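Fair warning: this is a prediction, and the values are worked out from it, not measured in the lab. Each ligand, and each atom within it, is numbered from 1 in the order the structure gives.
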Amino acid sequence: MLDEIKISKAIIKTFTDKLVDNLDLDVAIVGGGPAGIVCGYYLAKNKIKVALFERKISLGGGMWAGGIMFNEIVVQSLAKKILDEFDIKTKLYKENYYTADSVEATSTLCSKATKAGLKVFNLVSVEDVMIRKNNITGIVINWSAVEMARLHVDPICVRAKFVVDATGHAAEVSNIVTRKIGSKLKTKSGRVEGEKPMWAEVGEEAILKNSREVFSNLYSCGMCANAVFGSSRMGPVFGGMLLSGKKIAATLIKKLK
Ligand code: 48F
């Protein structure tokens with residue numbers, strides 16, 4: 001016998017317990033592209049209380065689609081080690097150029113990260129931040145459907161010791177900070193510098209340097225880091241995204257332990 005009301009209660013109770021349990025975090029990650037997922041995986045594996053908030057239904061950001069919807073991604077030797085660790089198959093194309101099936105790569109990142117303990121809230125958009133005495137202290141969330149329908153519905157808040165901006169090209173959290181309190185970022189202009197034109201080699205080199213604190217307790221991760229600090233974009237080479245996620249996780253683990 002299956003009772004529809006029991007099914008409904010099971011979903012409502014389990015989800016609300018999960019949400020309530022994640023309103024006070026060590027780390028809140030905004031954006032579930034490859035950078036945010038990898039960051040969440042290493043944090044969760046190290047028993048940090050971490051949750052990831054993603055606007056869309058599925059995690060993975062721009063990784064599913066490879067380049068122009070040809071569903072293969074490219075990574076360099078250094079980042080291949082991360083794919084190896086996740087047990088994602090790679091093929092050597094030419095020295096220092098490895099390819100991976102983007103569907104296998106993305107779905108495995110999602111699976112391993114959640115199995116490591118990363119809590120994910122999809123269909124949720126971060127629309128604001130909490131700031132106390134010039135420190136980020138949390139994020140403000142609402143349903144993406146509310147955002148899309150432009151409904152007048154007030155949000156709720158999640159406290160976090162650290163917030164990771166892994167929102168990709170749009171650098172949404174960093175832009176919210178400057179919109180709300182002015183030119184206070186740790187960048188040249190104090191604002192989001194904006195991404196520079198495509199230059200894969202330069203962009204990939206810059207991304208690790210740019211993966212760092214951009215405002216007190218707010219960290220730039222993945223493509224967002226290059227957008228915030230004004231470096232090149234790099235297209236469908238994903239090594240920098242993986243390495244950036246791992247670097248931010250290592251930085252925060254050190255701070256939290
Ligand atoms: O864009 P995205 O995949 O960022 P990433 O992890 O990787 C970049 C690559 O995909 C590619 C590239 C490779 O060289 O340049 O573009 O840095 O994933 C960002 C995710 O953040 C979500 C968005 O839906 C996407 O899945 N996102 C953006 N803004 C918000 C958000 C927000 N305000 N709240 C919640 N999620």
Side-chain angles (χ1 to χ4, degrees), residues 28-41 51-69 71-76 79 82 100 102 105-106 109-110 113 120-129 138-148 155-158 160 163-177 179-180 192 195-208 210-211 214 218-229 231-249:
I29 300 173
V30 187
I37 302 172
V38 168
C39 183
Y41 166 79
L52 185 153
F53 301 84
E54 165 57 46
R55 173 177 285 138
K56 296 184 179 149
I57 288 186
S58 58
L59 300 195
M63 206 185 205
W64 295 104
I68 61 156
M69 299 194 282
N71 61 3
E72 292 285 330
I73 58 161
V74 171
V75 297
Q76 317 84 311
I82 298 181
S102 71
T106 315
L109 290 186
C110 295
V120 172
F121 295 91
N122 56 340
L123 295 163
V124 167
S125 290
V126 171
E127 61 166 56
D128 199 358
V129 293
I139 54 174
V140 178
I141 61 172
N142 213 328
W143 299 114
S144 303
V146 165
E147 180 187 63
M148 289 165 79
I156 58 169
C157 300
V158 177
V163 175
V164 176
D165 188 355
T167 57
H169 297 269
E172 289 201 17
V173 183
S174 308
N175 272 307
I176 289 169
V177 172
R179 199 166 64 240
K180 292 287 170 107
V192 171
E195 166 191 303
K196 297 287 175 292
M198 179 83 82
W199 192 346
E201 189 177 344
V202 170
E204 284 285 295
E205 226 177 84
I207 196 166
L208 276 186
N210 293 336
S211 300
V214 63
L218 173 66
Y219 285 75
S220 289
C221 186
M223 194 58 224
C224 168
N226 277 11
V228 165
F229 289 100
S231 300
S232 309
R233 65 182 299 203
M234 61 290 265
V237 58
F238 281 80
M241 304 303 135
L242 308 175
L243 293 163
S244 170
K246 189 170 182 178
K247 178 183 169 185
I248 294 297

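Only the side chain of His169 comes within 4.0 Å of ligand 1, judged by heavy-atom distances. Looking at Ala166 against ligand 1, only its backbone comes within 4.0 Å, counting heavy atoms. In Arg55, the parts holding a heavy atom less than 4.0 Å from any atom of ligand 1 are both the side chain and the backbone. Neither the backbone nor the side chain of Ile37 has a heavy atom within less than 4.0 Å of ligand 1. Residue contacts with ligand 1, taken as heavy atom pairs separated by less than 4.0 Å, involve Phe238 solely via side-chain atoms from C-beta onward. Both the backbone and the side chain of Met223 come within 4.0 Å of ligand 1, counting heavy atoms alone. In Leu59, neither the side chain nor the backbone holds a heavy atom less than 4.0 Å from any atom of ligand 1.
Remark: ligand 1 atoms within the under-4.0 Å shell around heavy atoms of Gly32 are 20 (C), 21 (O). Heavy-atom proximity to Met234, at under 4.0 Å, picks out these atoms of ligand 1: 14 (O). For ligand 1, the atoms lying closer than 4.0 Å to a non-hydrogen atom of Met241 are 7 (O), 8 (C), 13 (C), 14 (O), 17 (O).
At distances below 3.5 Å, at least one donor-acceptor pair connects side-chain atoms of Asn122 with backbone N or O atoms of Ile57. Looking only at distances, a side-chain donor or acceptor of Ser102 sits under 3.5 Å from a matching main-chain atom of Asn71. Remark: the backbone N or O of Glu147 is not paired with any side-chain donor or acceptor of Asn142 at under 3.5 angstrom. Looking only at distances, a side-chain donor or acceptor of Asp165 sits under 3.5 Å from a matching main-chain atom of Ser174. Panel note: side chain Ser231, backbone Ala206; no donor-acceptor pair is recorded below 3.5 Å. Side-chain N or O atoms of Asn226 include one that pairs as donor or acceptor with a backbone N or O of Gly203 at under 3.5 Å. Proximity of a side-chain donor or acceptor of Ser244 to a complementary backbone N or O of Gly222 within less than 3.5 Å is detected.
Nearest protein neighbour of atom 18 (O) of ligand 1, counting heavy atoms only, is Gly33 CA, 3.3 Å. At the shortest separation from atom 3 (O) of ligand 1 among protein heavy atoms lies Gly62 N, 2.8 Å. If you check which protein heavy atom lies closest to atom 21 (O) of ligand 1, you get Gly31 CA, 3.2 Å. Counting protein heavy atoms only, atom 1 (O) of ligand 1 is closest to Gly168 CA, 3.9 Å. Ranking protein heavy atoms by distance to atom 6 (O) of ligand 1, first place goes to Ala35 N, 3.0 Å. For atom 33 (N) of ligand 1, the closest non-hydrogen atom on the protein side is Glu172 OE1, 2.8 Å. If you check which protein heavy atom lies closest to atom 20 (C) of ligand 1, you get Glu54 OE1, 3.5 Å.
Closest non-hydrogen pair, Ile29 versus Gly36, comes out as CD1-O, 3.7 Å. Across Val158 and Ile141, no two heavy atoms sit closer than the pair CG2-CD1, 3.9 Å.
At least one heavy atom of Val124 lies less than 4.0 angstrom from ligand 1. In this structure, Pro34 counts as a contact residue of ligand 1, since one of its heavy atoms falls inside 4.0 Å of the ligand.
The shortest side-chain heavy-atom distance between Leu243 and Lys246 does not fall under the 4.5 Å cut-off.
Polar contact check, Gly235 against ligand 1: a nitrogen or oxygen pair lies under 3.5 Å apart. Backbone and side-chain nitrogen or oxygen atoms of Val237 are examined, and one is located within less than 3.5 angstrom of a nitrogen or oxygen of ligand 1. Some N or O of Val126 is nearer than 3.5 Å to an N or O of ligand 1, by distance alone. The N/O atoms of Cys224, backbone and side chain alike, include none that comes under 3.5 Å of an N/O atom in ligand 1. Ligand 1 has no nitrogen or oxygen under 3.5 angstrom from a nitrogen or oxygen of Cys221.
Atom CH2 of Trp64 is surrounded by more than 12 heavy atoms from other residues, nucleotides or ligands within 6.0 Å. More than 12 heavy-atom neighbours from other residues, nucleotides or ligands sit within 6.0 angstrom of NZ on Lys196.
Counting only N and O atoms by type, the side chains of Ser125 and Arg55 include a donor and acceptor under 3.5 Å apart.
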Check your understanding: What do the steps show when you test Glu172 against Val30 for side chain to side chain contact (heavy atoms under 4.5 Å, CB included), and what is the final call?
Key -> CA-CA 9 Å; Glu172 289 201 17; Val30 187; over 6 Å; no
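Of all the listed residues (Ile176, Thr167, Asp165), Thr167 holds the heavy atom that lies closest to atom 27 (N) of ligand 1.
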